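Just so it is clear, the structure is predicted and the values come from calculations on it, not from any experiment. FYI, side chains are in, hydrogens and waters are out, and symmetry mates aren't considered; it's all heavy atoms of this structure.
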Amino acid sequence: MSSASPHSSTARWLAEFIGTFVLVFGGCGTAVFAAQVLDEGAGVNMGVGYLGVALAFGLTVVVMAYAVGHVSGGHFNPAVTLGTALAGRTKWSDVGPYFLIQILGATAAGAVLLAIASGKAGFSAVESGFATNGYGERSPDGYPLLSVLLIEIVLTAVFLYVILGATDRRAPAGFGPLAIGLSLTLIHLIAIPVSNTSVNPARSLGVAWFAGGEALGQVWLFLVAPLAGAAIAGLTYNLMFPIRPDVDRGLAQHEANDATA
């Protein structure tokens with residue numbers, strides 16, 4: 001998930017916009033429309049629940065990383081952009097534009113979700129929560145600020161370690177998007193009851209804009225915590241798993257041999 005790419009800036013920004021749009025539309029859309037679907041006659045929830053929402057977020061990352069990751073690096077998340085920049089995988093000149101484009105993509109997805117959801121009589125983004133993140137009374141299971149802060153920092157750091165490891169040149173080629181998508185699924189399975197799972201400031205902002213003052217009043221945590229977790233991973237990955245010069249030369253020679261075979 002590096003932004004190193006032969007593609008133009010415009011192409012990379014479009015890829016990040018589309019990827020972030022699909023992530024928020026698919027993940028938050030599943031939470032809004034499909035997590036709880038009551039069969040009034042049988043009194044049974046026919047929705048996908050937490051498991052379905054977790055899978056939706058993971059699948060969106062997998063499909064969009066394969067679709068446009070080769071163009072932009074497949075970040076779709078300001079925390080990923082920051083973490084990979086700190087690890088030397090993303091150019092610092094890309095950080096600001098990526099942040100902006102990711103937030104715009106997430107916001108566009110939130111706006112489309114609101115337009116669709118508003119077609120149902122009685123729908124309220126404020127009252128429903130609109131797939132926003134929160135702590136205290138806004139936490140799905142009532143977890144306090146400190147618990148939410150800790151889980152968001154820890155899980156974002158884990159997410160970045162997976163991303164940096166799965167896209168390391170020493171890792172098996174071609175499987176990065178699968179590892180990253182599965183890790184995001186696992187992260188959601190852990191954290192949905194606690195914070196409704198952010199690990200992505202753009203995802204949080206993209207729906208918070210439309211969910212009222214209380215959602216916006218808590219969104220700061222879901223900007224700060226994921227960026228802090230990403231910084232921890234970005235600053236420590238290369239220290240923990242340094243590339244040995246002799247191994248690096250061997251890898252380069254192996255790749256050269258494969259290219260000429």
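- Counting heavy atoms from C-beta on, the side chains of His7 and His70 come closer than 4.5 Å.
- Applying the side chain to side chain contact (heavy atoms under 4.5 Å, CB included) criterion to Phe25, with sequence neighbours excluded, gives Phe21, Ala109, Val112, Leu113, Ile116.
- The ring pair (Phe, Tyr, Trp, His ring centres under 6.0 Å) analysis of residues 214-241, with sequence neighbours excluded, yields the pairs Tyr237-Phe241.
- Contact annotation: the side chain of Pro193 approaches that of Tyr50 to within less than 4.5 Å [non-hydrogen atoms, C-beta and beyond].
- At least one donor-acceptor pair closer than 3.5 Å links the side chain of Ser139 to the backbone N or O of Val194.
- Nearest heavy-atom pair across Val32 and Ala131 is CG2-CB, 4.0 Å.
- Distance CG/Leu145 to CZ/Arg138: 13.5 Å, rounded to 0.5 Å.
- Across all their heavy atoms, Thr90 and His75 have their closest contact at OG1-CE1, 3.2 Å.
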Result block: side-chain N/O donor-acceptor pairs under 3.5 angstrom for residues 117-124, not counting sequence neighbours:
| from | atom 1 | to | atom 2 | distance (Å) |
| --- | --- | --- | --- | --- |
| Ser118 | OG | Leu114 | O | 2.7 |
| Ser124 | OG | Val126 | N | 3.4 |
| Ser124 | OG | Glu127 | N | 3.1 |

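- Formation of a donor-acceptor pair under 3.5 Å by the Thr107 side chain with backbone atoms of Ile103 is found in this model.
- With sequence neighbours left out, Val95 forms a side chain to side chain contact (heavy atoms under 4.5 Å, CB included) with Thr81, Ala85, Trp92, Phe99.
- Residue Val207 is grouped with residue Ile192 when hydrophobic side chains (ILVMFWY) are merged at heavy-atom distances under 4.5 angstrom, including chains of intermediate members.
- Here the closest heavy-atom approach between residue Thr30 and residue Gly26 is recorded as OG1-O, 2.6 Å.
- For the atom pair OG1 of Thr167 and CZ of Arg169, the computed distance is 12.5 Å after rounding to the nearest 0.5 Å.
- Checked by atom type, the side-chain pair Ser183/Tyr161 shows no donor-acceptor distance below 3.5 Å.
- Contact record, Ala208 with Ala215: O-CB, 4.3 Å, taken as the closest heavy-atom pair.
- Listed for the Thr132 side chain is a donor-acceptor partner under 3.5 Å among the backbone atoms of Gly129.
- Leu178 belongs to a hydrophobic cluster whose other members, connected by ILVMFWY side-chain contacts under 4.5 Å either directly or through intermediates, are Val62, Tyr66, Phe175.
- Under the 3.5 Å distance criterion, with hydrogens and angles disregarded, no donor-acceptor pair is assigned to the side chains of Thr20 and Gln102.
- Glu152 contributes no side-chain N or O that, together with a main-chain N or O of Leu221, makes up a donor-acceptor pair within less than 3.5 Å.
- At least one donor-acceptor pair under 3.5 Å links the side chain of Glu16 to the backbone N or O of Phe76.
- The closest side-chain donor-acceptor pair between Asn133 and Ser195, if any, does not fall under 3.5 angstrom.
- Under the 4.5 Å side-chain criterion, counting only non-hydrogen atoms from C-beta, Pro201 is in contact with Leu227.
- To the nearest 0.5 Å, atoms OG1 (Thr156) and CG (Asn200) are separated by 8.5 Å.
- The backbone N or O of Ala11 sits less than 3.5 Å from a side-chain atom of Ser8, completing a donor-acceptor pair.
- One hydrophobic cluster holds both Leu104 and Trp13 under the rule that ILVMFWY side chains link at heavy-atom gaps under 4.5 Å.
- The side-chain heavy atoms of Ile187 and Thr197, taken from C-beta on, include a pair separated by under 4.5 Å.
- Linking ILVMFWY side-chain heavy atoms closer than 4.5 Å, directly or via other members, places Val22 and Leu55 in two distinct hydrophobic clusters.
- At a threshold of 4.5 Å between side-chain heavy atoms, the hydrophobic network of Ile, Leu, Val, Met, Phe, Trp and Tyr places Ile151 and Val224 in one connected group.
- At a threshold of 4.5 Å between side-chain heavy atoms, the hydrophobic network of Ile, Leu, Val, Met, Phe, Trp and Tyr places Leu189 and Leu155 in two separate groups.
- Considering CG of Leu160 and CZ of Arg89, their distance stands at 10.0 Å, rounded to 0.5 Å.
- Checking side-chain atoms of Arg203 against main-chain N and O of Leu23 turns up no donor-acceptor pair under 3.5 Å.
- Atom CD1 of residue Ile180 and atom CD1 of residue Ile163 lie 5.0 Å apart, to the nearest 0.5 angstrom.
- You'll find the side chain of Tyr98 stays beyond 4.5 Å of the side chain of Val80, heavy atoms only.
- Applying the ring pair (Phe, Tyr, Trp, His ring centres under 6.0 Å) test to pairs two or more places apart or on separate chains, those with a residue in residues 180-218 are Phe57-His188.
- Between Pro226 and Ser198, the closest heavy-atom pair is CG-OG, 4.1 Å.
- How far CG of Leu146 is from OH of Tyr135: 12.0 Å, rounded to the nearest 0.5 Å.
- Nearest heavy-atom pair, Val53 versus Ala35, reported as atom, atom and distance to 0.1 Å: CG2-CB, 3.9 Å.
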